[in-house]
Amino acid sequence: MKFTVNRSAFLKKLKDVQLAVSSRSTIPILTGIKLIASEDGLQLTGSNSDISIETFVRKSDEQSGLTIEEEGQIVLQPARFFSDIVNKLPDETFTVEVKDRVQTAITSASSSFIINGLDAANYPHLPEIDTTQSFTLPVNLLKKIIKQTVIAVSTHESRPILTGIHLTINDGKLKAVATDSHRLSQRVIPVEGTESLSYNLVIPGKSLQELTRLLDDSLDEIEVAIAENQILFKTEDTLFYSRLLEGNYPDTDRLIPDSSATEVTLEAQILLGAVERASLLSHEGKNNVVKLSVKDDTVEITGNSPEVGRVNEQVTTQSISGEEMEISFNPDYLKAALTTFGPVDITLKLISTLRPFVLVPSEDKNEFIQLITPIRTST
């Protein structure tokens, strides 16, 4: 195998596939990058136990400066070492040549490296997924859905199913839900072309976070195809595979209340600022708790740390209705939830001091829901 390529164009593709490579893989060959040089171009593959990424540098792309002198394949590892070499090469182009079966020469201008590769025939095969039942999603919407729901994914492996985002597709609608049992985030969107499809799957939250790093804002759409235990996200030059989590996701619909005793409408950013200031004190104390009180047509945020001090702030609201209410909560959960809304008006729905409370946009209340479980306090 022998090819010459533009260093900048190659590094961009290399950075993409490296997202899927773990330096601590129990399978040594998976710590490397698989390269296949063919008549059409250069294919790069990276994989771990959860995700696999395959991308393609086309000969027809003038910016790639790619010439293939000899077709072939090799695995170069560790991936980080190979990437560091390419990053430090002196010229704008470099050449990779496999000599003596796996010994690989990397040359650029007066610089030359010889590294030992691995036989690419031993690299695990990527899953085969039928794309005839695929559908497309706008990239910016997919990234937004992931950002809005991944905050509630559990980080504890004691319940592996909760480390993922639950996706269901029915009646032309996609619903994404995540919960760690303390909070919940749910987003529902209509998706054209899925009216005849029905899916129920759980994707690891970490996989979807890596996907958002891969997706460039210049992309308009992404193709999605689903198999029994894998999901494929496909752009023009790149394939992103993720395993699916096994098991049944809990019924979260029953957790979302359909009524409330108190409702407050206000700007998300105003509430976020007040909670951030209150959490300055709560983080310094032993208990990370902030209190919200609705009383006499006012909303007050209180942070109290006996070791440090106390903060009180009245929050500007647009409307308040219902009963007086006092609720204590983890400010970090509320800050994360409020950040996902952006600069919009939201409605805070409170049921009782110890029942979960809900945040929804003041418009499209059924489209996006954040739910947080309050903290029981002794006072």
Side-chain angles (χ1 to χ4, degrees), residues 1-61 63-127 207 210-211 213-214 216 235 237-243:
M1 180 179 88
K2 185 177 182 182
F3 66 85
T4 301
V5 67
N6 176 278
R7 193 166 61 89
S8 299
F10 182 85
L11 273 171
K12 187 176 184 303
K13 298 291 188 179
L14 182 60
K15 183 183 173 187
D16 286 347
V17 295
Q18 269 189 280
L19 291 172
V21 179
S22 170
S23 58
R24 297 186 299 274
S25 176
T26 53
I27 306 171
I29 201 166
L30 289 185
T31 63
I33 300 285
K34 181 182 177 183
L35 303 175
I36 302 178
S38 64
E39 185 181 339
D40 297 324
L42 184 66
Q43 181 179 293
L44 291 79
T45 305
S47 183
N48 61 32
S49 58
D50 289 323
I51 63 174
S52 302
I53 300 173
E54 185 176 283
T55 191
F56 202 71
V57 182
R58 298 181 186 278
K59 275 172 67 176
S60 56
D61 180 3
Q63 289 183 322
S64 73
L66 178 63
T67 56
I68 307 288
E69 292 185 48
E70 189 179 339
E71 296 180 14
Q73 56 182 2
I74 192 73
V75 175
L76 298 179
Q77 51 85 242
R80 182 188 51 76
F81 177 55
F82 174 50
S83 175
D84 286 346
I85 290 174
V86 177
N87 217 12
K88 301 292 185 186
L89 291 174
D91 202 8
E92 273 305 297
T93 63
F94 70 99
T95 300
V96 173
E97 182 179 6
V98 178
K99 304 175 177 181
D100 187 26
R101 258 190 75 230
V102 293
Q103 207 171 59
T104 305
I106 303 168
T107 55
S108 176
S110 58
S111 178
S112 179
F113 288 82
I114 299 286
I115 61 175
N116 295 319
L118 297 171
D119 188 347
N122 297 324
Y123 197 87
H125 292 289
L126 296 190
S207 297
E210 297 296 355
L211 176 63
R213 293 189 180 99
L214 182 73
D216 197 297
T235 65
D237 292 325
T238 304
L239 305 176
F240 180 100
Y241 299 85
S242 171
R243 73 178 178 96

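- Contact check on Lys13 versus Asp237 returns a salt bridge, with a Lys/Arg side-chain nitrogen under 4.0 Å from an Asp/Glu carboxylate oxygen.
- Within the model, atoms CG of Asn6 and CD of Gln63 stand 8.0 Å from one another, a figure rounded to the nearest 0.5 Å.
- One distance of note links CZ of Phe56 with OG of Ser64; it measures 10.0 Å at 0.5 Å rounding.
- Thr95 places none of its side-chain heavy atoms less than 4.5 Å from the side chain of Phe3.
- With contacts defined as side-chain heavy-atom distances shorter than 4.5 Å, the pair Arg80/Ser23 does not qualify.
- In this structure, Ile53 and Thr45 have side chains that are not in contact, with every pair of non-hydrogen atoms separated by 4.5 Å or more.
- Within the 3.5 Å criterion, the main-chain N or O of Asn122 finds no donor-acceptor partner in the side chain of Asp119.
- For the residue pair Ser38 and Ile68, the shortest heavy atom distance occurs at O-CG1, 3.5 Å.
- With Arg7 contributing its side chain and Val86 its backbone, the two residues share a donor-acceptor pair below 3.5 Å.
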Atom pairs and distances, donor-acceptor, side-chain atoms in residues 103-113, under 3.5 Å, two or more places apart:
unit_1: Thr104; atom_1: OG1; unit_2: Val102; atom_2: O; d: 3.0
unit_1: Ser108; atom_1: OG; unit_2: Asp91; atom_2: N; d: 3.1
unit_1: Ser108; atom_1: OG; unit_2: Thr93; atom_2: O; d: 3.0

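- Of all the heavy atoms in Gly41 and Leu66, the pair that sits closest is CA-CD2, 3.7 Å.
- When atom types are taken as modelled, the side chain of Glu71 and the backbone of Glu39 share a donor-acceptor pair closer than 3.5 angstrom.
- Between Phe10 and Leu44 the shortest side-chain heavy-atom distance falls below 4.5 Å.
- Side-chain atoms of Asn48 do not come within 3.5 Å of backbone N or O of Ser22 as any donor-acceptor pair.
- The salt bridge (charged side-chain N to carboxylate O under 4.0 Å, His left out) test applied to Glu69 returns Lys2, not counting sequence neighbours.
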- Item | Test log, rule side chain to side chain contact (heavy atoms under 4.5 Å, CB included), inputs Lys12 and Asp216 | CA-CA 11 Å; Lys12 187 176 184 303; Asp216 197 297; 4.2 Å; yes
Would you mind writing out the side-chain donor-acceptor pairs for residues 24-31 within the sub-3.5 Å range, not counting sequence neighbours?
unit_1: Ser25; atom_1: OG; unit_2: Ile27; atom_2: N; d: 3.1
unit_1: Ser25; atom_1: OG; unit_2: Ile27; atom_2: O; d: 3.1
unit_1: Thr31; atom_1: OG1; unit_2: Pro28; atom_2: O; d: 2.7
unit_1: Thr31; atom_1: OG1; unit_2: Gln77; atom_2: NE2; d: 3.3

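- Here the closest non-hydrogen pair linking Thr55 and Val17 is CG2-CG1, 3.6 Å.
- Applying the salt bridge (charged side-chain N to carboxylate O under 4.0 Å, His left out) criterion to Asp100, with sequence neighbours excluded, gives no partner residue.
- The distance from atom OG1 of Thr238 to atom CZ of Phe240, rounded to the nearest 0.5 Å, is 11.0 Å.
- Of the inter-residue distances, the one linking Leu76 atom CG with Phe81 atom CZ reads 10.0 Å to the nearest 0.5 angstrom.
- Looking only at side-chain heavy atoms (C-beta outward), Leu42 and Ile36 stay at 4.5 Å or farther from each other.
- Of the charged side-chain nitrogens involved, none lies within less than 4.0 Å of a carboxylate oxygen, so that Asp84 and Lys88 do not count as a salt-bridged pair.
- For Glu54, there are no salt bridge (charged side-chain N to carboxylate O under 4.0 Å, His left out) partners at least two apart in sequence or on another chain.
- The CG atom of Leu89 sits 6.5 Å away from the CZ atom of Phe94 when rounded to the nearest 0.5 Å.
- Between Val21 and Ile33, the closest side-chain pair of non-hydrogen atoms falls below 4.5 Å.
- Residues forming a salt bridge (charged side-chain N to carboxylate O under 4.0 Å, His left out) with Lys59 (at least two apart in sequence, or on another chain): none.
- Between the CZ atom in Arg243 and the OG atom in Ser207 there is a gap of 7.0 Å [rounded to 0.5 Å].
- Using a 4.5 Å heavy-atom threshold, the side chains of Met1 and Val96 count as touching.
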- Evaluation steps, side chain to side chain contact (heavy atoms under 4.5 Å, CB included), between Phe82 and Leu35: CA-CA 12 Å; Phe82 174 50; Leu35 303 175; 4.2 Å; yes
